[in-house]
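Along the sequence shown, the residues carry numbers beginning at 1.
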Amino acid sequence: MFLNYRQLLTQMRASFNSKEEARKYDDLVTNQIKQADVVVIDDLGSEIGDDYVNNSASRYDIDIVTSIYDARASKATITTTNQSGSILRQIYGNRLLSRMIQHSTGNNFMFDGMTDYRTVEMHG
């Protein structure tokens, strides 16, 4: 299962006014994500934008992502992010970072110094 975290949060917030939509996303987070063999959480931290120095995630955002990691405690979970560990700690706090580390120990891939393919034409 592939989840763009920013899009998931946007859709979940949009469902606040509809009980049916809210149930759909509650089911997604609590059941489908928990049961999937592998979950990819894409672009974690992007919901903060570029001003992460002065921002942290909202309590709601932290609760959602924490519930995802809690549901995935013994299953394969892949997280992609453009943020460093220290920035993720600043955005989400130690509690979530601890859960992320539990999933990632010995399985990290760093891509430092790579050119963003979306900005090549701007710089080239």
Side-chain angles (χ1 to χ4, degrees):
M1 175 181 282
F2 185 88
L3 299 172
N4 180 294
Y5 186 63
R6 185 179 198 158
Q7 289 176 352
L8 175 66
L9 287 176
T10 299
Q11 292 169 342
M12 290 181 77
R13 285 188 192 110
S15 75
F16 287 165
N17 295 326
S18 166
K19 287 185 180 185
E20 183 178 320
E21 286 293 308
R23 270 189 243 116
K24 178 176 108 175
Y25 287 107
D26 185 52
D27 176 62
L28 174 69
V29 171
T30 58
N31 294 321
Q32 294 180 34
I33 291 173
K34 186 175 185 175
Q35 294 173 8
D37 291 330
V38 177
V39 169
V40 177
I41 302 169
D42 184 45
D43 221 4
L44 187 67
S46 66
E47 75 280 6
I48 297 301
D50 292 332
D51 189 21
Y52 53 81
V53 173
N54 297 313
N55 284 317
S56 60
S58 71
R59 173 60 35 211
Y60 177 78
D61 296 357
I62 293 170
D63 287 347
I64 295 299
V65 75
T66 300
S67 70
I68 291 170
Y69 278 100
D70 285 348
R72 304 290 310 159
S74 62
K75 296 203 173 191
T77 307
I78 300 166
T79 305
T80 69
T81 184
N82 290 335
Q83 310 298 349
S84 67
S86 61
I87 297 298
L88 289 172
R89 177 177 280 117
Q90 183 177 337
I91 293 171
Y92 299 107
N94 289 327
R95 185 170 178 241
L96 179 65
L97 199 63
S98 172
R99 284 160 174 76
M100 291 176 68
I101 290 169
Q102 176 185 355
H103 283 278
S104 67
T105 302
N107 299 302
N108 293 319
F109 297 94
M110 302 299 290
F111 297 97
D112 291 333
M114 293 186 66
T115 303
D116 184 341
Y117 73 91
R118 292 167 286 215
T119 63
V120 170
E121 289 185 23
M122 288 189 275
H123 299 293

Note to self: Nearest 0.5 Å, please: how far is CG in Leu88 from CG in Asn82?
What the structure shows: 10.0 Å

Check: How would you list, by chain and number, every residue that makes a side chain to side chain contact (heavy atoms under 4.5 Å, CB included) with Gln32, sequence neighbours excluded?
Finding: Met1, Asp27, Leu28

Check: Quick one: do Tyr69 and Ile101 end up in the same hydrophobic cluster if we chain Ile, Leu, Val, Met, Phe, Trp and Tyr together by side-chain heavy atoms under 4.5 Å apart?
Finding: yes

Checklist line | Partner set under side chain to side chain contact (heavy atoms under 4.5 Å, CB included) for Ser84, not counting sequence neighbours | finding: Ser86, Ile87

Check: For Ser18, what residues pass the side chain to side chain contact (heavy atoms under 4.5 Å, CB included) criterion, not counting sequence neighbours?
Finding: Glu20, Glu21

Next item on the list: Specify the closest pair of heavy atoms between Arg72 and Lys34, including all atoms of both residues, with the distance to one decimal.
Entry: NH1-O, 3.6 Å

N/O donor to acceptor pairs below 3.5 angstrom from side-chain atoms of residues 35-46, sequence neighbours left out:
residue: Asp42; atom: OD1; partner: Thr80; partner atom: OG1; Å: 2.5
residue: Ser46; atom: OG; partner: Asp43; partner atom: O; Å: 2.8

Next item on the list: Measure the OG1-CZ distance between Thr77 and Arg99 for me, rounded to the nearest 0.5 Å.
Entry: 13.0 Å

Next item on the list: With rounding to the nearest 0.5 Å, note down the distance linking CZ in Arg89 to CD in Gln83.
Entry: 14.0 Å

Note to self: Taking side-chain hydrogen bond (donor to acceptor under 3.5 Å, both in side chains) as the definition, give me every residue that meets it alongside Ser67, ordered by chain and number, with sequence neighbours left out.
What the structure shows: none

Item checked: Residue pairs involving residues 56-68 (criterion salt bridge (charged side-chain N to carboxylate O under 4.0 Å, His left out); sequence neighbours excluded) -> Arg13-Asp61, Arg59-Asp63

Notebook entry, point to check: Does the side chain of Tyr92 reach to within under 4.5 Å of the side chain of Thr66, using non-hydrogen atoms?
Noted result: no

Check: Given the rule that I, L, V, M, F, W and Y join up when any side-chain heavy atoms are under 4.5 Å apart, are Ile78 and Leu97 in one cluster?
Finding: no

Checklist line | Cluster check Phe2, Leu8: I/L/V/M/F/W/Y, side chain < 4.5 angstrom | finding: no

Notebook entry, point to check: Should Leu9 and Tyr60 count as side-chain neighbours, where that means a heavy-atom distance under 4.5 Å?
Noted result: yes

Notebook entry, point to check: Partners of Asn17 by side-chain hydrogen bond (donor to acceptor under 3.5 Å, both in side chains), sequence neighbours excluded?
Noted result: none

Margin query: The criterion is side-chain hydrogen bond (donor to acceptor under 3.5 Å, both in side chains); which residues satisfy it with Arg95, sequence neighbours excluded?
Written below: none

Next item on the list: State which residues pass side-chain hydrogen bond (donor to acceptor under 3.5 Å, both in side chains) with Arg6; sequence neighbours excluded, sorted by chain then number.
Entry: none

